[in-house]
Number of protein chains: 2
Amino acid sequence: MGKKVTEALQKLKHHGYKYTDKREDMLEFFGNYDGYRTASDVQEFMKERYDGISFDTIYRNLHLFHDLGILEATELNGEKHFRMKCDTSKHHHHLICKECGKTREIELCPMEYIEKELKGFRIDDHKFEIYGVCYDCQST
Amino acid sequence: MGKKVTEALQKLKHHGYKYTDKREDMLEFFGNYDGYRTASDVQEFMKERYDGISFDTIYRNLHLFHDLGILEATELNGEKHFRMKCDTSKHHHHLICKECGKTREIELCPMEYIEKELKGFRIDDHKFEIYGVCYDCQST
DNA sequence: ACAATAAACCGTAATTATTCTTATTTACAA
DNA sequence: TTGTAAATAAGAATAATTACGGTTTATTGT
């Protein structure tokens, strides 16, 4: 079991949530992929090993993991996408491949350069994402 | 009738699309608001003057306007948002108020500063948006 | 180990935003 | 003014997501 998965399970326990096989498998699914996946990607993966798994289980756990800061989320093509949260110590943004959902980190954060333009506006959130096709997906 | 609306109607005609009252009113709706609106905002506005207007009409025209470059679009809270296209001569991004959808332009485009990080990645699109609450909406 | 209990889960129905379909109406050109 | 393609209405269909009532399961205290 990967380090991130172990940490995530500890975080669950620490917040009083229960350990279940389904949660472990969902976390493994994300832990083994450096990119964004949709709810239906998760569902496809999960229904191979749990016949008849409910939508509710997928979505409930995705939200739970997101609320606990285990996953990060973005919205793309009208669908929510999730991935394991990157190293939280440095704020960053992503290049996102539209084929495979894999990401590459961008160090630069444009927010640092535009404070002066934001007068009077209360900032709650910001998004800087670049969409395209990664090297691997270009050759297929 | 605003200048942008007139231009948009000319663009429609130029591409062989027909002039209709509904299209004019939809364009007026966007022309009078410097911010993003959803399909249901449009629908609410339109059904006051056209009882029984169809969803299809709203969505079909939104897509048409977008395809012709009359409107620009973004996605927010699982819902598509549209606004009159800003002056196309200078590339820019937006501060978006989550209460009223109004926007303020940001001149800086972070893409200029990160070419070196993009090696091997084919860029199709990018998004730089800041979400929050504008000055007017903070005081209500 | 065993029972109590709160959380997790299933099956399915409901919602929400959006798209599609078919028949009818309308704008506009000949 | 009439023919025709485009636009529309009405409502069904779809896709992603959320909600709900009943059942099962993980965990905690005995």
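Worth saying up front: this structure is predicted, and the values here are computed from it rather than measured. In what follows, every chain begins at residue 1, and chains take the letters A, B, ... in the order their sequences are listed.
Ranked by how close their nearest DNA chain C nucleotide is to the 5' end, B:Y19 and A:D56 are led by A:D56.
Here B:R60 reaches the OP1 or OP2 of D:dT8: one of its side-chain N or O atoms lies under 4.0 Å away. Within the 4.0 Å cut-off from OP1 or OP2 of C:dT18, not a single side-chain nitrogen or oxygen of B:H63 is found. Within the 4.0 Å cut-off from OP1 or OP2 of C:dA17, not a single side-chain nitrogen or oxygen of B:N77 is found.
Under the 4.5 Å side-chain heavy-atom criterion for ILVMFWY residues, a single connected hydrophobic cluster contains both B:L9 and B:F30.
Residue A:L118 comes nearest to B:R104 through the heavy atom pair C-NH1, 3.9 Å, listed as atom of the first residue, atom of the second, then distance.
Candidate nucleotides C:dC9, D:dT18, D:dT8 were compared by shortest atom distance to the side chain of B:T57, and D:dT8 ranks first. Residue A:S54 has its side chain nearest to C:dC10 when only D:dT17, C:dC10, D:dT8 are considered. With D:dT17, C:dT18, C:dC9 as the choices, the nucleotide that has an atom nearest any side-chain atom of A:Y59 turns out to be D:dT17. Of the candidates D:dA7, C:dT19, D:dT17, C:dT19 carries the atom nearest the B:F55 side chain, counting heavy atoms from C-beta on. When the nucleotides C:dT18, D:dA9, D:dA5 are ranked by their closest atom to the side chain of B:I53, D:dA9 comes out on top. When distances are taken from the side chain of A:T20 to each of C:dA8, D:dT8, C:dT18, the shortest belongs to C:dA8.
For A:K22 against C:dA8, a side-chain-to-base donor-acceptor contact under 3.5 Å is absent. Taking 3.5 Å as the limit, the base of C:dA17 and the side chain of B:K80 contain no donor-acceptor pair of atoms between them.
Of the candidates A:H92, A:H91, A:H93, A:F128 forms a ring-ring contact (aromatic ring centres under 6.0 Å, His included) with just one, namely A:H93.
One atom, CD of A:E75, and another, P of D:dA16, lie 13 Å apart when rounded to the nearest Å. Rounded to whole Å, the distance from CG on A:L76 to C1' on D:dA16 is 14 Å.
Between the side chains of A:D25 and A:Y50, at least one donor-acceptor pair of N or O atoms lies under 3.5 Å.
In this structure, B:K3 pairs ionically with B:E7, as a charged nitrogen and a carboxylate oxygen lie closer than 4.0 Å.
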